[in-house]
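Chain letters run A, B, ... following the sequence lines, proteins first and then strands; every chain starts at 1.
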Amino acid sequence: MVRPNEEVEALLQEYADLVAITGGDAYKARAYEKAARAIGGHPTDVSRLDAKGLQEIPNVGKSIAEKVEEYLRTGRVSAVEETRAAIPAGVRELISIPTLGPKKALVLYEELHVSSVAELLDAIHEERLRDLKGFGEKTQANILHGIELLQKAGGRILLGAAMDVAEQVVAELSAVSGCERCGYAGSLRRMRETIGDIDVLVAATDSAPSMEAFCALPHTAEVIARGEKKTSIRTTKGLQVDLRVLPPDSWGAGLLYFTGSKAHNIRLREMAIRHGYKLSEYGLFHAKSGRKAVSATEEEIYAKLGLPWIPPTLREDRGEIAAALKGELPEVMQEKDIRGDLHTHTDLTDGVSCLEDMVAAAAERGYAYFAVTDHAPNLYMQRMTDEKILAQREKVRALDGKHRRMRLLHGTELNIGPEGDLDWPDEFLAGFDLCVASVHSHFNQTREELTRRLVRACENPHVAIIGHPTTRQIGKRPGIDADFDEVFAACARTGTALEINAHPERLDLGDEDILRAKRHGVKFAVNTDAHSVVHLPYMRYGVGTAQRGWLTKDDVINTWPLQKLRRFLQPGG
DNA sequence: GCCGTTTTCGGCCCGACTGTTTTCAGTCG
């Protein structure tokens with residue numbers, strides 16, 4: 001289901017959490033975390049590595065290599081199993097609540113036998129935390145707030161995780177005999193930031209082979225419903241996947257119907273009625289005769305309604321049909337339009353891939369240019385110094401143009417301090433090709449303080465891009481409460497681009513904010529914020545989000561030729 | 001548990017905030 005590296009990463013992270021919860025050596029827990037990250041970000045499939053190869057991965061030593069081998073050989077690791085037996089899974093679930101860490105989780109478990117989020121809620125409501133040391137009123141309120149945040153995600157999963165599952169299901173079903181077409185639909189095809197369940201469509205005359213194969217997929221844990229037209233399963237990770245098999249000549253109508261959104265479909269059905277048709281998942285039919293007009297492709301159906309084909313990312317009933325009727329549908333940018341990534345990290349700070357590997361991987365993606373933007377000194381934990389960043393600049397200059405003639409930009413990701421201050425004085429910033437500036441802490445300032453802080457960063461002439469502008473983490477942390485209309489206006493005024501951070505946990509700015517910012521006349525940069533070569537492909541999620549914000553190539557600076565980009569990056573440019 | 005070496009132990013990402021602590025532990029980025 002998931003790539004072996006990600007499975008191993010999850011397993012080692014679980015072990016790290018369990019070590020921390022059981023009060024084990026904090027450095028041991030961190031060692032497992034570091035190894036987990038390193039393996040997750042490692043480009044080679046770990047299942048193809050032997051003990052020696054595994055230990056060549058940074059932060060993987062003898063002990064962890066042995067555990068990884070044991071896992072790959074047997075599917076389990078005895079040390080992990082033992083710890084699992086000692087601590088119920090629900091206790092680990094507790095530390096996903098913001099402000100609740102391993103120490104508090106252990107107290108709750110040992111003192112109150114709380115071993116799930118639901119039990120914790122009960123305990124709080126029954127006031128059983130009252131006499132517990134370290135759990136005052138504020139702490140309880142913070143925990144309740146944290147649980148609320150978690151539950152707001154409402155069982156939806158992140159776009160990236162859903163895409164991994166969907167693409168594997170589609171690949172498996174495409175290989176089944178009789179399958180003429182196969183693809184995913186629903187909110188996933190519309191690239192929404194979170195996905196409830198996955199809809200997969202197959203076009204086939206006989207549905208049985210597909211249904212059979214679907215139920216037999218290795219990750220299928222449970223068959224929820226099985227019929228001739230629709231089968232629903234739950235994966236081992238608890239995700240629901242629906243398969244619908246359509247007659248081949250209804251492919252377009254089915255794809256349209258199951259892609260949604262519901263609101264978009266309602267608009268289309270209204271239009272169909274006005275044109276004397278009836279639209280269903282089986283096709284577009286003449287209202288009077290009931291005879292089928294078209295159904296094979298989405299394009300034909302839209303055309304009969306007097307519309308151009310509308311990209312799925314626009315199908316949210318946000319005025320796309322009116323725009324299409326007027327011939328004003330934006331020509332939204334595509335992933336192939338991206339000429340380079342402008343926000344990436346290396347192992348000089350918290351990335352796991354070295355500069356050379358990042359550059360080679362970027363060139364492999366066909367980029368014309370690529371910016372390396374490691375963290376600056378004020379994010380203290382990264383231990384950046386003037387000497388280190390200048391030494392990196394030398395290496396970047398030496399690599400410039402060496403991979404498929406790809407040009408390199410040497411940049412940095414600055415930290416926007418509480419007062420809008422940045423890490424380096426202007427003279428030093430002038431030495432970079434590109435400065436991204438982002439908020440990383442002090443999220444709870446007042447609205448006025450947060451707004452002023454971001455506006456000040458925009459006003460620095462060396463700052464070209466505001467990174468992950470709201471700093472939200474989907475399902476974990478809400479965005480900061482700044483007056484973003486004021487920030488967007490400042491960006492437009494100062495020629496500062498807003499980032500669309502493509503990491504599936506961020507997607508920041510999100511679609512609604514992009515639409516607002518675009519009305520202010522702001523430019524954007526779609527960046528991955530990659531901390532490993534395996535993160536570079538996240539670009540597609542950023543592009544999907546940009547499309548949902550109706551952005552065209554003209555709006556997005558990293559679709560521009562290098563010369564035009566450089567002019568934008570220049571102070572005052 | 002990993003790593004680098006001043007090679008087999010001793011350090012490991014540092015600083016700030018929050019709450020409840022009355023001097024600091026836990027959590028976060």
Side-chain angles (χ1 to χ4, degrees), chain A residues 8 11-13 15-39 51 54-68 70 77 79-80 83 94-108 129-146 149 345 347-352 374-385 388 413-419 421 423 438-445 449 467-468 470-473 476-480 501 503 505-506 508 529 531:
Chain A
V8 171
L11 185 82
L12 295 177
Q13 181 61 54
Y15 193 57
D17 290 343
L18 293 175
V19 168
I21 292 170
T22 52
D25 179 13
Y27 287 113
K28 178 174 164 181
R30 191 181 295 169
Y32 276 97
E33 270 179 18
K34 279 158 64 175
R37 248 170 67 81
I39 289 174
L54 286 168
Q55 288 188 58
E56 279 169 11
I57 300 173
N59 299 307
V60 176
K62 185 162 172 288
S63 173
I64 290 179
E66 275 172 8
K67 290 188 175 70
V68 174
E70 182 186 351
V77 176
V80 179
T83 333
L94 297 180
I95 68 170
S96 60
I97 300 169
T99 73
L100 207 166
K103 295 289 195 292
K104 284 197 166 74
L106 185 61
V107 172
L108 288 169
L129 270 66
R130 190 183 265 174
D131 303 322
L132 214 54
K133 218 172 163 185
F135 290 83
E137 262 183 46
K138 284 278 183 72
T139 302
Q140 291 190 42
N142 285 340
I143 291 175
L144 284 174
H145 180 66
L149 274 177
H345 296 272
D347 61 359
L348 184 61
T349 56
D350 57 351
V352 299
D374 270 314
H375 289 290
N378 288 357
L379 213 60
Y380 303 103
M381 59 190 178
Q382 306 301 345
R383 296 185 149 184
M384 180 54 82
T385 62
K388 281 161 79 174
E413 182 187 12
L414 301 164
N415 180 56
I416 305 175
E419 304 299 324
D421 47 299
D423 308 60
S438 321
V439 167
H440 296 102
S441 61
H442 301 83
F443 307 128
N444 293 321
Q445 287 179 307
E449 287 168 332
H468 45 73
T470 77
T471 77
R472 72 163 177 176
Q473 282 179 13
K476 282 189 193 158
R477 189 173 77 205
I480 53 174
N501 189 296
H503 197 294
E505 288 171 12
R506 291 194 185 266
D508 181 12
D529 197 357
H531 283 66

From [atom1] of [X] over to [atom2] of [N], roughly how many Å is that when rounded to an integer?
X: A/Lys138; N: B/dT20; atom1: NZ; atom2: P; result: 7 Å
X: A/Gln382; N: B/dA16; atom1: CD; atom2: P; result: 16 Å
X: A/Gln445; N: B/dC17; atom1: CD; atom2: P; result: 10 Å
X: A/Ile39; N: B/dC2; atom1: CD1; atom2: P; result: 10 Å

For the [atom1] atoms, the ones on [N] and on [M], what distance do you get once it is rounded to whole angstrom?
N: B/dT6; M: B/dG11; atom1: P; result: 15 Å
N: B/dT8; M: B/dG1; atom1: C1'; result: 15 Å
N: B/dC12; M: B/dT18; atom1: C1'; result: 26 Å
N: B/dT27; M: B/dT20; atom1: P; result: 13 Å
N: B/dC13; M: B/dC3; atom1: C1'; result: 15 Å

Q. Looking for any heavy atom pair under 4.0 Å, which part of the strands does A/Val60 touch: base, sugar-phosphate only, or nothing?
A. sugar-phosphate

**Q.** B/dG19 OP1/OP2 closer than 4.0 Å to side-chain N/O of A/Asn142
**A.** yes

Q) Within the side chain of A/Arg472, is there an N or O that forms a donor-acceptor pair under 3.5 Å with the backbone of A/Ile480? A) no

(Q) Determine whether the aromatic ring centres of residues A/His468 and A/His503 are separated by less than 6.0 angstrom. (A) no

Mind listing the N/O atom pairs, protein and nucleotides 25-29 of chain B, below 3.5 Å?
unit_1, atom_1, unit_2, atom_2, d
B/dT27, OP1, A/Gly101, N, 2.5
B/dT27, OP1, A/Gly101, O, 3.1
B/dT27, OP1, A/Lys104, N, 3.2
B/dT27, OP2, A/Lys103, N, 3.2
B/dT27, O5', A/Gly101, N, 3.4
B/dC28, OP1, A/Thr99, N, 2.8
B/dG29, OP1, A/Arg477, NH1, 2.4
B/dG29, O3', A/His440, O, 2.4

Q: Check DNA chain B against residues 20-30 of chain A and give the residues with a non-hydrogen atom under 4.0 Å, in numerical order.
A: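 Within this stretch, A/Asp25, A/Tyr27, A/Lys28, A/Arg30 sit under 4.0 Å of the strand.
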
Q) Among B/dC13, B/dG19, B/dG1, which is the nearest nucleotide to the side chain of A/Ile64? A)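 Nearest nucleotide to the side chain: B/dG1.
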
Q.
Nearest to the side chain of A/Asn59, heavy atoms from C-beta on, is which of B/dC2, B/dC13, B/dG1?
A. B/dC2

Q. Can you name the one residue among A/His375, A/His440, A/Gln382 that meets side-chain contact (heavy atoms from CB on, under 4.5 Å) with A/Asn415?
A.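 Exactly one pass, corresponding to A/His440.
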
Protein N or O to nucleotides 6-11 of chain B N or O, pairs below 3.5 Å:
none

Q: For A/His442 and for A/Ser63, find the nucleotide of DNA chain B with the closest heavy atom, then tell me which residue's nucleotide is more 5'.
A: A/Ser63

(Q) Which is more 5' along DNA chain B, the nucleotide nearest A/Asp350 or the one nearest A/Thr139? Just name the residue. (A)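 The residue mapped nearer the 5' terminus is A/Asp350.
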
Q: Could you check if a side-chain atom of A/Arg477 sits within less than 4.5 angstrom of a side-chain atom of A/Arg506, using non-hydrogen atoms only?
A: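 Counting from C-beta outward, A/Arg477 and A/Arg506 do come under 4.5 Å.
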
